[in-house]
Amino acid sequence: MKKFGLLIIAVVLFFSACKKNNDAPAIQSQTFEVKSTSSTQWKYFSFTSNDTVSVTDPDHSNAWDLAFQRYRIRTNSGLSGSGMGGAANSYLKGQSGFDALTSVPDTSTFIVDKSISVAVVMGYANYIVNPLLYTWFSLDLSVQGTQMLPSDFIYIVKTSIGKYAKVWVKSYYSATNLSGYVTIQYKYQPDGSKNLE
């Protein structure tokens with residue numbers, strides 16, 4: 001009889017634990033504008049802080065997840081930092097794609113930062129960036145002065161400590177049309193799971 005009572009308690013505890021997991025609160029969508037107007041300085045962003053952070057040694061710090069310099073973006077990975085970061089493309093686009101991406105697919109391939117050669121006015125220059133995140137924009141040459149248009153891709157970003165966020169780069173301009181004001185929408189999963197709802 002005592003064993004039967006223990007079995008009932010175990011079953012009740014098991015279903016209580018399952019219920020708690022199912023009742024876990026949804027993670028909140030956040031929007032943040034990074035003022036990255038400098039062509040020489042990087043602005044470091046932390047998903048945990050939902051803010052830019054001051055970093056004295058970015059190569060060896062886990063305090064940052066993304067870094068911005070004008071339209072260039074780094075993750076804390078590869079040649080940019082010692083973190084576990086990287087980026088993968090969900091191949092979904094826009095608001096419907098942002099909402100549709102509910103988890104990190106097991107087939108996701110995360111790209112780390114490296115040096116890439118980029119066309120500039122006087123030829124080519126090498127930048128250390130995340131090559132995948134370099135696809136967040138396209139150039140519109142049909143207007144006076146080149147405009148940068150978001151590609152609308154929804155990216156999966158791995159943080160410096162190996163957690164996940166989905167990220168949509170929505171804009172490169174401020175409300176007064178100044179360049180270098182990168183607006184991102186994201187959902188960060190602090191519990192370390194692949195759930196992005």
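Hydrogens, waters and symmetry mates are skipped; everything else that's a heavy atom, side chains included, is used.
- The aromatic ring centres of Y134 and F137 sit less than 6.0 Å apart.
- By the side chain to side chain donor-acceptor pair (under 3.5 Å) test, T52 pairs with no residue at all, sequence neighbours left out.
- T102 and D99 make their closest contact through CG2-O, 3.8 Å (heavy atoms, listed as atom of the first residue, atom of the second, distance).
- Under the 4.5 Å side-chain criterion, counting only non-hydrogen atoms from C-beta, F153 is not in contact with W136.
- Q147 and Y173 make their closest contact through CA-OH, 3.4 Å (heavy atoms, listed as atom of the first residue, atom of the second, distance).
- Counting heavy atoms from C-beta outward, F32 and T183 have side chains that stay 4.5 Å or more apart.
- Contact detail for V182 and S36: the closest heavy-atom pair is CG2-OG, 3.7 Å.
- Rounded to the nearest 0.5 Å, atoms OG1 (T109) and CD1 (I156) are 10.0 Å apart.
- Between the S90 side chain and the I154 main chain, a donor and an acceptor come within less than 3.5 Å of each other.
- Considering all non-hydrogen atoms of both residues, I73 and V169 come closest at CD1-CG2, 4.2 Å.
- In this structure, I111 is a member of the same hydrophobic cluster as Y127, with clusters built from ILVMFWY side-chain heavy atoms closer than 4.5 Å.
- For the side-chain contact (heavy atoms from CB on, under 4.5 Å) test, residues two or more places apart in sequence or in another chain that qualify with S117 are Y124, N126.
- L133 and V112 sit in two unconnected hydrophobic clusters of ILVMFWY residues. Membership requires side-chain heavy atoms under 4.5 Å apart, directly or through other members.
- Using a 4.5 Å cut-off on side-chain heavy atoms (C-beta onward), W42 and P58 make no contact.
- Atom OG of S96 is separated from atom CG of L101 by 11.5 Å, given to the nearest 0.5 angstrom.
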Checklist entry - Stepwise, does the side-chain contact (heavy atoms from CB on, under 4.5 Å) test hold for S179 with R70? => result CA-CA 8 Å; S179 64; R70 303 285 297 165; 2.9 Å; yes
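- The stretch residues 175-197 participates, sequence neighbours left out, in these ring-ring contact (aromatic ring centres under 6.0 Å, His included) pairs: F45-Y186, F47-Y186, F47-Y188.
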Next on the checklist: Set out, in order, the CA-CA distance, both residues' side-chain angles and the distance that settles side-chain contact (heavy atoms from CB on, under 4.5 Å) for M148 and L139, then state yes or no.
Outcome noted: CA-CA 5 Å; M148 302 188 77; L139 298 177; 3.9 Å; yes
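- For the residue pair S29 and Q185, a side-chain donor N or O sits within less than 3.5 Å of a side-chain acceptor on the partner.
- The ring-ring contact (aromatic ring centres under 6.0 Å, His included) analysis of residues 82-110, with sequence neighbours excluded, yields the pairs F110-Y164.
- Using modelled atom types, one side-chain atom of R74 and one backbone atom of I128 make a donor-acceptor pair closer than 3.5 Å.
- In this structure, CG in L132 is found 5.0 Å from CG in N89, a value given to the nearest 0.5 Å.
- Side-chain polar atoms of Y155 and T135 form a donor-acceptor pair below 3.5 angstrom.
- Under 3.5 Å, the side chains of N195 and S193 contain no donor-acceptor pair of N or O atoms.
- Within the 4.5 Å cutoff, the side chain of E33 has no heavy atoms near those of the K35 side chain.
- Between K187 and L196, every side-chain heavy-atom pair lies at or beyond the 4.5 Å cut-off.
- Side-chain atoms of K158 and T75, non-hydrogen and from C-beta on, never get closer than 4.5 Å to each other.
- A pairwise comparison of heavy atoms in A63 and S46 identifies O-CB, 3.5 Å as the closest pair.
- None of V55, N62, D59, D65 except one satisfies the side chain to side chain contact (heavy atoms under 4.5 Å, CB included) rule with N76; the exception is N62.
- A distance of 5.5 Å separates NZ of K170 from CD of Q95, quoted to the nearest 0.5 Å.
- Between I27 and P190 the shortest heavy-atom distance is CG2-CD, 4.0 Å.
- Interatomic distance, R72 CZ to S80 OG, rounded to the nearest 0.5 Å: 12.0 Å.
- For W168, there are no ring pair (Phe, Tyr, Trp, His ring centres under 6.0 Å) partners, not counting sequence neighbours.
- With rounding to the nearest 0.5 Å, the separation of CD in Q41 from OG1 in T37 is 10.5 Å.
- Linking Ile, Leu, Val, Met, Phe, Trp and Tyr residues whenever their side-chain heavy atoms come within less than 4.5 Å leaves V167 and L92 in two separate clusters.
- Both F68 and V53 belong to a single network of hydrophobic side chains, linked directly or stepwise wherever heavy atoms of I, L, V, M, F, W or Y lie under 4.5 Å apart.
- T31 places none of its side-chain heavy atoms less than 4.5 Å from the side chain of I184.
- For residues 104-115, every residue pair satisfying the salt bridge (charged side-chain N to carboxylate O under 4.0 Å, His left out) rule, not counting sequence neighbours, is listed here: D106-K194.
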